[in-house]
There are 2 protein chains.
Amino acid sequence: MSSWVSKMAKAKPSKQSAAQSDGLLDALVQASFVTMAVLNKIGAENDLSLTQLRVCGILRDRRPRMAGLAAHLGLEKSTMTGLIDRAEKRGLLARAPSAEDGRATEVFLTNEGMKLVERLYLQLKQELSPVMDVLDSSEQRQLQQLLRRMLDSQEG
Amino acid sequence: MSSWVSKMAKAKPSKQSAAQSDGLLDALVQASFVTMAVLNKIGAENDLSLTQLRVCGILRDRRPRMAGLAAHLGLEKSTMTGLIDRAEKRGLLARAPSAEDGRATEVFLTNEGMKLVERLYLQLKQELSPVMDVLDSSEQRQLQQLLRRMLDSQEG
DNA sequence: TATTGTTATACTCTATAACTATA
DNA sequence: TATAGTTATAGAGTATAACAATA
C-alpha cells in the first residue's frame, strides 16, 4: 500500500500492490499537503491563518458579501464574522453596506491589505518555484493543462 | 491576474496577463484546495479534523513516536499531546512506551482505528474518482509521473 | 545538559443556537 | 416568512512557557 497522506519514512518497505489510480490519488494528496504546508508557512510568517490567507486571495479581485464568502469557503456565517473582524481590526480589509440590499455587507481589501496580498503572492511563487522548476517548460505546461482540465470539470 | 486561491465567480473579468508559471502555480493551489476540501469533508463526516485524519493516514503503516509525529506534521509536541489524547479517548489509536528509549512514547492504530482508516481511504478514492476520471488512463499516468517527480525532488 | 512528553494558559477557528434588521 | 449578519457559547487546534522523567 502506498503512503497516502504522508511521505514519512516507513519502518519496513511495503509491497507495491496499489492500483494505478491509487498512485495518482496519493500523488495528488501529497502534492496538496506540500502546497498547503507552503501556504500555511507563508500565512504563519505574516500572522494569517490559512483561511484568512485564502480570504485575502479571494478579495484580491472581488468584493463579495459575507454570506457569499461563507458559502464559497464552506463555513458558517458566524465563523465569517469573527474571521473578518480580526482581519479588519488589523487593517487588512474593511466592510461596507451593500447599496442594493440593506441587509448585506460587502467585504474588500484595504490598500494595506492589497499590498500584503501582492507580497504574499510573490512569496508563494518564490517558495513553490524550486518544486515547479524540476519540470521543464513543456512539462510545466502539460501539468498545468492536466490539472486545469480536472478543475474545470468541477463546475468551473 | 488569475484567481490564485479561488475559483469564485469574479464581478469583472480581468485581463489575461499572468505569466505561464503563474498558471501552473494557480492550478496547483486550486487543485490543492479542492483535494483538501474533500479530505475535510470526509473528516467532518467522521468527526475527524484534517490533522487527525492525516495522523490516522500516517499511522496506517507506521508506529512513530510523539516527537517524530510532531516534527513530520510541523506541529509542537504539546499540540500532539492533545491531538493524540482526543483520538485515543475515541479508541482510534493508542500509546505505548518505547522499548529502546524510556522517555519516548510510540503511537499506533487500534483495530477500530485501522478499520476506520480503510473505510476513509475507500471513501477518498470514491470522492476523487469523478475528478480524476476526467482524464483517460494515459493522461492519468502522465499526471501522476509529473507530480511524483516534483514530490521526489523534495528530499523524498 | 539535552531530549521526550505533559500540563497550564491563551488565542484562533469552527459550529450551533438565538437574536436583530431588512426583504 | 425568509435572508443577512451578529452575538453568545462551547469545543477543537495551535503555540509558548514551565515542568518531570530519562538519556
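Lettering follows sequence order; numbering is per chain, from 1. The structure displayed is predicted, hence computed values, not measured ones.
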When the distance from [atom1] of [X] to [atom2] of [N] is rounded to whole Å, what number comes out?
| X | N | atom1 | atom2 | value |
| --- | --- | --- | --- | --- |
| B/Arg54 | D/dG13 | CZ | C1' | 14 Å |
| B/Asp47 | D/dG11 | CG | C1' | 12 Å |
| B/Leu69 | D/dG13 | CG | C1' | 15 Å |
| A/Leu53 | C/dT12 | CG | P | 17 Å |
| A/Met66 | C/dA21 | CE | P | 18 Å |
| B/Met80 | C/dT6 | CE | P | 9 Å |

Which residues pass the side-chain contact (heavy atoms from CB on, under 4.5 Å) test with [X], sequence neighbours left out?
| X | value |
| --- | --- |
| B/Ala70 | B/Met80 |
| A/Ala96 | A/Arg63, A/Phe108 |
| B/Ser32 | A/Ser32, A/Thr35, A/Met36 |
| A/Gln52 | A/Leu48, A/Ser49, A/Leu83, A/Arg86, A/Ala87 |

Kindly give the atom pairs (protein nitrogen or oxygen, nucleotide nitrogen or oxygen) under 3.5 Å for nucleotides 21-23 of chain D.
residue: D/dA23; atom: OP1; partner: B/Gly102; partner atom: N; Å: 2.9
residue: D/dA23; atom: O4'; partner: B/Arg103; partner atom: NE; Å: 3.4

Mind checking B/Thr81 for me? I need base, sugar-phosphate or nothing, with any heavy atom below 4.0 Å counting as a touch.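 Base, at least one base heavy atom under 4.0 Å.
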Check nucleotides 13-17 of chain C for protein N or O atoms closer than 3.5 Å to its own N or O atoms and list the pairs.
residue: C/dC13; atom: OP1; partner: A/Ser49; partner atom: OG; Å: 2.6
residue: C/dC13; atom: OP1; partner: A/Gln52; partner atom: OE1; Å: 3.4
residue: C/dC13; atom: OP2; partner: A/Arg86; partner atom: NE; Å: 2.4
residue: C/dC13; atom: OP2; partner: A/Arg86; partner atom: NH2; Å: 2.5
residue: C/dT14; atom: OP1; partner: A/Thr51; partner atom: OG1; Å: 3.1
residue: C/dT14; atom: OP2; partner: A/Thr51; partner atom: OG1; Å: 3.3
residue: C/dA15; atom: OP2; partner: A/Glu76; partner atom: N; Å: 3.0
residue: C/dA15; atom: OP2; partner: A/Thr79; partner atom: OG1; Å: 3.0
residue: C/dA15; atom: N7; partner: A/Thr79; partner atom: OG1; Å: 3.4
residue: C/dT16; atom: O4; partner: A/Ser78; partner atom: OG; Å: 2.6

So, using salt bridge (charged side-chain N to carboxylate O under 4.0 Å, His left out) as the criterion, who are the partners of B/Lys125 when residues are at least two apart?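 So B/Lys125 forms a salt bridge (charged side-chain N to carboxylate O under 4.0 Å, His left out) with A/Asp22.
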So which pairs with a foot in residues 88-98 of chain A pass salt bridge (Lys or Arg N to Asp or Glu O under 4.0 Å), sequence neighbours left out? A/Asp85-A/Arg95, A/Glu88-A/Arg95
Pairwise salt bridge (Lys or Arg N to Asp or Glu O under 4.0 Å) hits with a residue in residues 133-145 of chain A, at least two apart: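 Applying salt bridge (Lys or Arg N to Asp or Glu O under 4.0 Å) to every pair that reaches into residues 133-145 of chain A, excluding sequence neighbours, yields A/Glu139-B/Arg149.
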Backbone of A/Leu135 reached by a side-chain donor or acceptor of A/Gln140 within 3.5 Å: yes
